[in-house]
Amino acid sequence: MLEAQGLVKRFGSIVAVDGVSFKAKSGQVFGIAGPNGAGKSTIVRMLATILSPTEGTAIVDGLDIRENAESVRKLLGYLPEEPRVYDYMTGESFLEFFSDLYRVPRAERRVRSLLEFVGLEEHAHRKIGDYSKGMKQRISIARALVHDPQVLFLDEPTMGLDPASARELREKILSMGREGKTILVCTHYMDEADFLCDQLAILHKGKIAAIGRPEELKAKIAKKRILAVVLKEESKPEEKRFASLLSGRVSGRSVLVPYHDSSTLSSVHRAARKTGASIVSVHHVDPSLDDVFISVTRKRR
Amino acid sequence: MIDWPLVKWEFLQTATDKGFLVKVAFGMLVGLLLMPFLASSAASFSEGSAMPSLPFAVRLVRIAVVGDSNEFVTQLQQNTIVSLMHTDEAHARELLTQRVVAGIFIVTDSSGLFVGDGTPFADFAESQVRDALDNVVRREQRAGLEVIQGTSVEPFVRGLLAPFILLTPILLLCLPIIQSLSYDRENHMYEVLFAVPIDRKKIFFSKILANLLFVGLATLIWLFLVGLVGIFFTDVLGVWFMLVLVSLLILSLNALVSTLSSNAKNATLASSISSTMVFSGIAVLTLLRVSPLVSRFAELSPVTYISYQTTGLATAFPIPTVLVFLVITFTALLLALSAFSTEKFAFSLDPGILQLYEGVLELLKHKWLAALAMGFVAFSLSIPVQVMVLGTLFFLNSKLLMILIFLISIEEILKFIGVRMLKPESLQNALLFGAFIGIGYGLSEAFLFVPYVDAFFLRSIPLFAHVLFTVLTAIGIWLKHPYPFLAASIALHVYYNSSLVSVVIS
């Protein structure tokens, strides 16, 4: 349904995307995760035919994005990173406007049902300029769906939403995936990627650093187990130095340290002595996607 | 080329913008009120000095009048700046000492005596008395002439200023295109608009067309409204078409500045500059009417045509004007579309003039086609610049050779800029770009002579001349010694044109 083939995008001397290839099947939620500036939005813009690739191409439902850009656009719904809306239009007229642009026949228009889908039916006649940021994001999602696209590109769909709305939206994305739509989600929230994606590509400096099912990715680094070291409250000032000596990172109350072999425990105690930190407990933990992300990006630094 | 649903939404957006419509209505109302005022001022103007005829002048200066009222006093009474106090001489002198009056006018049969106290107010009062006396004396001496003045000044003002008042609302009516293009850019709307299955060219031209339809409708109403204050045209449809033509040019220039500016504020500023240039250009062209030597250039100005139409002269619709306007409009649209088509346009907030070249290349795909377009662009840019320079040099009474040197330098420099933007990297490239810029320029020049068929054939030789001069410039750029070669091409061009002029004159 969606296949990127060696996508490259250069802006002058800057290589924003460097040979990205992946495949997403129908009904699948495919995630692209990575830090800001990794090239996620550039990939989505190329797939949405807004930017033209410097090299490579992509196939959407059998159509080449370079050769059949206009036909590809009919198939896809695109939600940019920030809500792009006309403040002077009402929610309803905004959706009518885009229904017109997508040539959706009057009888098949879903303006009312989409407003209900995103919970804005009561605000249909209000100007979008008066909407909150979350409401603007929701009307943008409805806008991306006006022509009932089979492929959806969602760039940071929950950014700026409150936790409840974000959760509600994630459920909706999953339900659309169950309807058979192919969904590409860009996110820098690893828990969101873990929750949503059937397949995930971790992007680093324009290249795919790791790709696979979230469980597979976690299992790969689970072989390199992680130690969670809890320090005493009074050792809080030494926490960062302690973590850096062990190439670990601070996560909540613990310092997560990669476990190599039995000597790792000795290293932990050495680091505690060196920094003057007092240890409360040490135990093994299962890695999260955050750990996967840090592991693969650090490897490529 | 057009997406009708988008045209509908764009049109409705402008036509239902209450704030904007109020501004347009206000602008038109000012224009309507200004017309009778100008006409009455023009009528009063023929009677004497301009200032006292202004209706807003108040009676600022008091003058004591001693003696019986006669024709001089009656004339003075018509002056709206002075107020008269009839009294005897002793009282008048007392009033002057107390500075209640600025001067004393002692009336005699044939003339009069003015007494002042040397203050600026007294000087001013004296000049008003002098004007009144002059008017009476002049009227008596040249009774026949007064009638001619009385009927000729008003139509002149009406014929020259009415077109400007008629054209002024166009500046306002053409502003929404800036809002349309710049708002979408500032708010990153192109990120979603370019993702819908509509070609970018269609989006661009639909926006232009929607705005043109709005302006077309508004100018039609405007033409009806000006009829209410007594301005009529021999050919209303022709005048309307002329207004639409000027509007299309202003819209295209506004579209261009919108695609090159980072926000609507900058675009509006740039638009006011470009619109002022257009208006100054057509004003300069119109003023060339005063000399028989260059009066045919004045026929190119829409103001000249509208002016004839207001004075009841049935003149033919000026096809050369249409061609000149279409050439410049087409260039502005080509450049605006080129800028609009670039990725920088959709995502960069800091666009620059260089994106034009990238856009032209992106749009036309081949460098030789881009070179041809550059020649066309150079020609369009040369028209307003040359008109301005020609007007200035003419009023400075410059010699023909001087005029030729200036005009040709403008042509060659603009073609030179075109070659520079294309950056020829080899001799072959330099020859190709130079030749195609020359062809583009020469063809556009020839196109304008379409109505004069004989001249069109005459222009085929200068087409090769343009190719030759531009190739010379391009070789200079390739050799990294651009300026001596540019100077050489200007010199050759001047020599060629001066020999052409001498042949035509002989």
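Just so it is clear: chains get the letters A, B, ... in the order the sequence lines come, proteins before strands, and each one is counted from 1. Predicted model only: the values in this text are computed from it and were never measured.
Most heavy-atom pairs under 4.5 Å with chain B, from the set A/Ser93, A/Ala69, A/Ala48: that is A/Ser93. The candidate with the highest count of non-hydrogen atom pairs below 4.5 Å against chain A, out of B/Asn187, B/Leu6, B/Asp184, B/Val192, is B/Val192.
Two residues are said to be in side-chain contact when any heavy atoms from C-beta on lie closer than 4.5 Å; B/Phe194 and A/Thr49 fail this criterion. With contacts defined as side-chain heavy-atom distances shorter than 4.5 Å, the pair B/Glu191/A/Arg45 qualifies. Considering only heavy atoms from C-beta on, B/Asp199 comes within 4.5 Å of A/Glu70 through its side chain. Contact check for A/Arg103 versus B/Pro5: side-chain heavy atoms found under the 4.5 Å cut-off.
Remark: B/Lys367 NZ is packed, more than 12 non-hydrogen atoms of other residues, nucleotides or ligands lying under 6.0 Å away. In this structure, A/Lys172 places its NZ atom where more than 12 heavy-atom neighbours from other residues, nucleotides or ligands lie under 6.0 Å away. Surrounding CZ of A/Phe117 are more than 12 heavy atoms belonging to other residues, nucleotides or ligands, all under 6.0 Å away. Surrounding OH of A/Tyr88 are more than 12 heavy atoms belonging to other residues, nucleotides or ligands, all under 6.0 Å away.
With a threshold of 4.5 angstrom between heavy atoms, A/Ser140 does not approach chain B through any atom at all. Residue A/Ser71 does not touch chain B at all, counting heavy-atom pairs closer than 4.5 Å. Using a 4.5 Å cut-off between heavy atoms, A/Glu96 contacts chain B through both its backbone and its side chain. For A/Phe11, the part lying under 4.5 angstrom from a heavy atom of chain B is the side chain only. No part of A/Val72 comes within reach of chain B, as not one of its non-hydrogen atoms sits under 4.5 angstrom from that chain.
Chain A is approached within less than 4.5 Å, heavy atom to heavy atom, by B/Lys8, B/Trp9, B/Gln13 from residues 8-21 of chain B, ordered by number.
Atom CG of residue B/Asp3 and atom CG of residue A/Asp100 lie 9.0 Å apart, to the nearest 0.5 angstrom. Atom CZ of A/Arg84 is separated from atom CG of B/Leu193 by 11.5 Å, given to the nearest 0.5 angstrom.
What you find for A/Tyr102 and B/Ala195 is that their closest heavy atoms are OH-O, 3.6 Å.
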